[in-house]
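Lettering of chains follows the sequences in order, A, B, ..., and the numbering in each one begins at 1. It should be emphasised that the depicted structure is a prediction, and the values quoted were computed from it without experimental measurement.
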Amino acid sequence: MPTDLLADLTDEQQAAVVHGEGPLLILAGAGSGKTRVITRRVAYLLQQGVRAGSILAITFTNKAAGEMRQRVDAIVPGNKLWICTFHSLGARLLRQYADRLNIDKNFTIYDVDDRNKLVKDALDATGMDNTKFTPDRLGGAISKAKNQLLTPKQFEQQAHDFFSQTAAKVYHGYEKRLRAANAMDFDDLLYLPALAMRYNEELRADLDSRFKFVLVDEYQDTNSAQYEIARRLSLNYPNLCVVGDPDQSIYKWRGSDIKNILDFERDFPAAKVITLTQNYRSTKAILHAASTVIDQNKHRKKKMLVTANPQGDPVTVLNFNSGLEEAEGVVERIKKAVAEKRNHYRDFAIFMRINALTRTLESAFVKHGVPFQIVKGLAFFDRKENKDVLAYLRLLVNPDDTVSFLRVVNEPPRGVGKTSLDRLVSYANRNEISLMNAAGSVAKIPEIKGKASSGVRDFYRIITDLRTQLEHPPHELIAMVLDKSGYRKSLQDSTDEEDADRLANIEELVTAAKQYYDEDNSRTLGDFLEQITLASDVDSWDETADHVSVMTLHAAKGLEFPVVYLLATEQGLLPHERSLAKDEDVEEERRLFFVGMTRAMKELYLCHARLREFRGQAMYQVPSMFLDELPPDVVRQDISQDRNFARGAIDEWRQKAGYGNPNFLPGPAERPRKMEPTGASGDPSEFFVGAVVQHDEYGIGQITDLSGFGALRRVKVRFPAAGEKTFVADKAKMKVVKRK
DNA sequence: CTGCTCGGCCTTTTT
DNA sequence: GGCCGAGCAG
């Protein structure tokens, strides 16, 4: 009954669904029913008699994968097709083909923290000055290299500057350590399968014929490694269907390459291209506003979105005095709307550019008793106590896991300090054995004695004993770990009040493991651990509960809400200050703004505050340049939130800031270094970092730095036209225009 | 030698 | 506001 699958679709959508064999590119504008099309297409293929096992659908998050699986299952029940993310596909392939790839299938997946620890170790081992480059930066460079499928050798050959050369050295050592720990980092999950398919033609051909139909969602955000995988799965059976929207590409910083989607037709000359431009989500006002903004991007294929939806309310710009008032104001407005029965809490979403902004919001929600969920999936598993327990579990599955070993060998304290640990590590390195094996023969290491020695021995026994219990379900294993390791006892005996909370959190972990197991009894501890590590932020989001959803713009991709509030649309935050130097980066920020706007179905509020606290420092904020790009005919300014919004000085400064002036980066581009304690210098003026000042000669500017005392006190001010100037504070002919 | 506390440093976005 | 390293006490 294929007609059922097509009945409610437009001609364009139908064409995409019924496309048979051969490459297919679906350019799907925001809100054009992309998910529906891709789901129907899978169902259609199944109805056409394509075996479920030969379809592979790749989504951006596990949550999207789960939803698609449900939808496909509702149409064609009991199918067994692969729907997963690129990363979980990689993990699955690596475990399934472990023998052919000569790897141990019990590998642990390292997250960025774990990675950085190994990077730091590798960096230290090079004996180079390690103060210059942080493990984080070096790890980032290595990650980028892997995403481009560069081996340590290849990366080294093209490393010409000092940083890259350092990174290349560290990359070598890092890889050695990863393999020794039997661990994979996130990038390996793409890098290794991609390279395997590039150099192992037999394996590649097997997979190609296994997955005759490959569908990739959010194709605009694929990186080189992902591209390689998709491409090599589609050589003999080029039935690759990719769906995406170049205007929603927001992961360039993570190595994604917009060219993958722009060049699809070059890669597959036979490709059929279908463009979906009908928007079903937003009002005309919202769509017009969003389209006008995205149209400012120079490097863009023009594309018009249209909707048959009503005009709707204008997009509203809300001005607030401070970040605090912004949070309060938004929460109050939401509370009011619900009290007046205009909406449910679940209708609302609040987006922001950076996670740090959720904090003030959280207290406002608590204060007003408004239910909310901050969509930050890993927050729970990121807690120290849970990370500790997970480290024990990882060690059970993979005793070679160095990072986990070091994390819990002395947790709870077993008298194994840094010195003893260093000795254990060097013994293990000397003998080329894992830390766990070294721990097993701690009696043979004379430098480790007394309490440290017995502590290591005890730890070894605990892990070894627990390893014999591996066939138990995950939640039971966690309980055993808690008892045998003494972790539970240590928390129970503690006088620290927080330890009671920690214990409660661990109990929640047990519950989570039990739920996971109850859903499917064949799931192992290893599966549980993998699922946690590969979980994305939105995976934990519960859209059915009646609460306000709070998330970053990145997490918001693919979602929709009746009412959207976008916080802190301020220069320096959106666009983020780190992007201001390059046009292409600003364009990505604009796409991010566009993604946020197009999530809204009925109402869209863009908020900004004049004053915002950063790390304890109050900073004057300039409204985002993107707000100036909004079409006036569908936008309303609402300054009712801001009882004494002082336009004068700020506006003048902002005007002079001139976004076109390349010598001036508006917003708090320069971060304040240090603030002297007020009054300590007896400074007569009231200068503070972030203050807007009026200078006799240079006009309006903003203080970016203060230093020194008394007569030596210096104040640095950034002026729109003149750039940055430093004055002796006592002598500076200027005054603070706007006080704190 | 271990373990705790204090202070200095940095903070985009994520699988 | 959170993490790491240094410094100090037991």
Side-chain angles (χ1 to χ4, degrees), chain A residues 58-65 84-91 109-113 115-117 120 131 134-137 140 143 146-147 184-191 218 221-223 225-226 249-256 351-360 375-378 382 384 410-423 447-453 455 496 530-539 551-557 568 572-580 585 588-589 591-593 595-596 613-617 668 671-674:
Chain A
I58 297 170
T59 58
F60 201 69
T61 63
N62 294 291
K63 188 179 180 61
C84 50
T85 66
F86 266 113
H87 286 87
S88 52
L89 168 72
I109 300 171
Y110 275 180
D111 65 17
V112 176
D113 282 345
R115 175 196 80 187
N116 288 347
K117 282 178 187 157
K120 182 173 189 306
T131 55
T134 61
D136 196 51
R137 260 192 84 195
S143 168
K146 283 190 179 182
N147 282 160
M184 302 286 170
D185 62 23
F186 282 139
D187 306 309
D188 283 337
L189 301 180
L190 310 172
Y191 171 82
E218 307 284 7
D221 279 323
T222 47
N223 63 32
Q226 291 167 330
S249 160
I250 53 175
Y251 283 96
K252 185 168 76 83
W253 54 275
R254 204 172 83 180
S256 81
F351 303 149
M352 48 263 288
R353 177 66 176 84
I354 58 171
N355 281 305
L357 290 174
T358 55
R359 226 158 262 137
T360 20
V375 181
K376 188 81 177 73
L378 294 165
D382 258 351
K384 180 194 178 306
N410 200 37
E411 194 70 51
R414 296 187 179 90
V416 188
K418 187 167 185 324
T419 314
S420 301
L421 222 43
D422 284 347
R423 288 172 181 166
E447 310 95 88
I448 304 175
K449 23 187 185 299
K451 223 169 74 185
S453 178
D496 189 341
E530 176 171 315
Q531 192 245 354
I532 288 173
T533 330
L534 293 184
S536 67
D537 283 353
V538 280
D539 289 350
M551 63 190 85
T552 62
L553 287 166
H554 283 90
K557 185 163 87 162
L573 278 170
L574 183 64
H576 194 271
E577 58 176 308
R578 302 266 285 251
S579 72
L580 289 171
D585 290 348
E588 176 147 320
E589 298 285 306
R591 290 194 292 269
L592 205 45
F593 185 55
V595 166
E613 293 232 343
F614 289 108
R615 316 159 207 123
Q617 291 283 351
R671 79 171 45 91
R673 288 283 164 244
K674 198 173 203 164

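A heavy-atom distance below 4.5 Å is not found between the side chains of F593(A) and R353(A).
Summary of the strand contacts: V112(A) and G417(A) both lie near DNA chain B, and taking for each the nucleotide with the nearest heavy atom, the more 5' one is attributed to G417(A).
Heavy-atom neighbours of K451(A) NZ from other residues, nucleotides or ligands within 6.0 Å: at or below the threshold of 12.
When each of dT14(B), dT15(B), dG5(C) is scored by its nearest atom to the side-chain atoms of K120(A), the top-ranked nucleotide is dG5(C). Listed nucleotides dG3(B), dT13(B), dT11(B) differ in distance to H554(A); the shortest reach to its side chain belongs to dT13(B). The side chain of A452(A) approaches dT2(B) more closely than any other nucleotide in the set dT13(B), dT2(B), dT15(B). Considering only side-chain atoms of R359(A), the nucleotide from dT14(B), dT15(B), dG1(C) that sits closest is dG1(C). Between dT13(B), dT15(B), dT2(B), one nucleotide has an atom nearer to the side chain of N355(A) than all others, and that is dT13(B). Listed candidates were dT2(B), dG5(C), dT12(B). Nearest to the side chain of T419(A) is dT2(B). With dG3(B), dT15(B), dT14(B) as the candidates, the nucleotide lying closest to the side chain of P413(A) is dG3(B).
Ion pairing between a basic and an acidic side chain is recognised when a charged N comes within 4.0 Å of a carboxylate O; K418(A) and D422(A) show such pairing.
For dC1(B), the OP1/OP2 oxygens have a side-chain nitrogen or oxygen of R423(A) closer than 4.0 Å. For dT2(B), the OP1/OP2 oxygens have a side-chain nitrogen or oxygen of S420(A) closer than 4.0 Å.
Nucleic acid contact class of R591(A) (heavy atoms, under 4.0 Å, all strands): none. Among the atoms of the strands shown, none is found under 4.0 Å from any heavy atom of F86(A). In this structure, N410(A) reaches the sugar-phosphate backbone alone: every heavy-atom distance under 4.0 Å involves primed, P, OP1 or OP2 atoms, never a base. When heavy atoms are screened at a 4.0 angstrom cut-off, K418(A) is found touching the sugar-phosphate backbone but no base atom.
Note: CE (M352(A)) to P (dT14(B)) measures 12 Å, nearest angstrom. What separates CG of D136(A) from C1' of dC3(C) is a distance of 12 Å, to the nearest Å. The distance between atom CG of D113(A) and atom C1' of dG2(C), rounded to the nearest whole Å, is 12 Å. Atom CG of L580(A) is separated from atom C1' of dT12(B) by 12 Å (rounded to the nearest Å). If you measure from atom CG of N62(A) to atom P of dT14(B), you get 15 Å, rounded to the nearest angstrom. Here the P atom of nucleotide dC10(B) and the CZ atom of R578(A) are 12 Å apart, to the nearest Å. Atom P of nucleotide dT14(B) and atom CD of E588(A) are separated by 13 Å, given to the nearest angstrom. Between the CG atom of L574(A) and the P atom of dT13(B) there is a distance of 13 Å, rounded to whole Å.
Stacking between H576(A) and the base of dT12(B) is present: ring centres sit under 5.5 Å apart and the planes differ by under 30 degrees. Residue ring and base: W253(A) counts as stacked with dT13(B) (centre distance below 5.5 Å, interplanar angle below 30°).
Looking at every heavy atom in both residues, R423(A) comes nearest to E447(A) through NH1-O, 3.0 Å.
For the side chain to side chain contact (heavy atoms under 4.5 Å, CB included) test with F351(A), the passing option among L553(A), L357(A), T552(A) is L553(A); the others fail.
Between H576(A) and W253(A), the ring center distance fails the sub-6.0 Å criterion.
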